[in-house]
Amino acid sequence: MTEPSNAPVPEADAVIPWPADTTPTGDALVDRALGLLADVAESPVSEHGELYAGIHDSLLEALDAEPGLPSAPSNNRPEGDS
């Protein structure tokens, strides 16, 4: 069983600090994805899930773009069909 937390609960009007900038990584695709985080602070909480999903997808795109990794198939045709 989880013990109750004694941590203070922020007031509804409390301002939560948000980082002003992300530190550049040197990878353009990753930096572009992390740049999307700036939209989170100004968005209603109800939109955060969609924003984080977009950031996640952008990071997956950056991972898929790494040299040496196979790219995702562009169609579902069996190999050998043209």
Who passes side-chain contact (heavy atoms from CB on, under 4.5 Å) against Thr22, sequence neighbours left out? Leu34, Leu37
Name the atoms and distances for all side-chain donor-acceptor pairs under 3.5 Å in residues 41-57, with sequence neighbours left out.
unit_1	atom_1	unit_2	atom_2	d
Ser43	OG	Asp39	O	2.5
His48	NE2	Val40	O	3.1
His48	NE2	Ser43	O	3.1

Would a single hydrophobic cluster contain both Leu36 and Val30, if residues Ile, Leu, Val, Met, Phe, Trp and Tyr are joined by side-chain heavy-atom contacts under 4.5 Å? yes
Just how far is it from atom OG1 of Thr25 to atom CZ of Arg32, taken to the nearest 0.5 Å? 12.0 Å
Heavy-atom pair of closest approach, residues Asp31 and Gly26: OD2-N, 3.3 Å
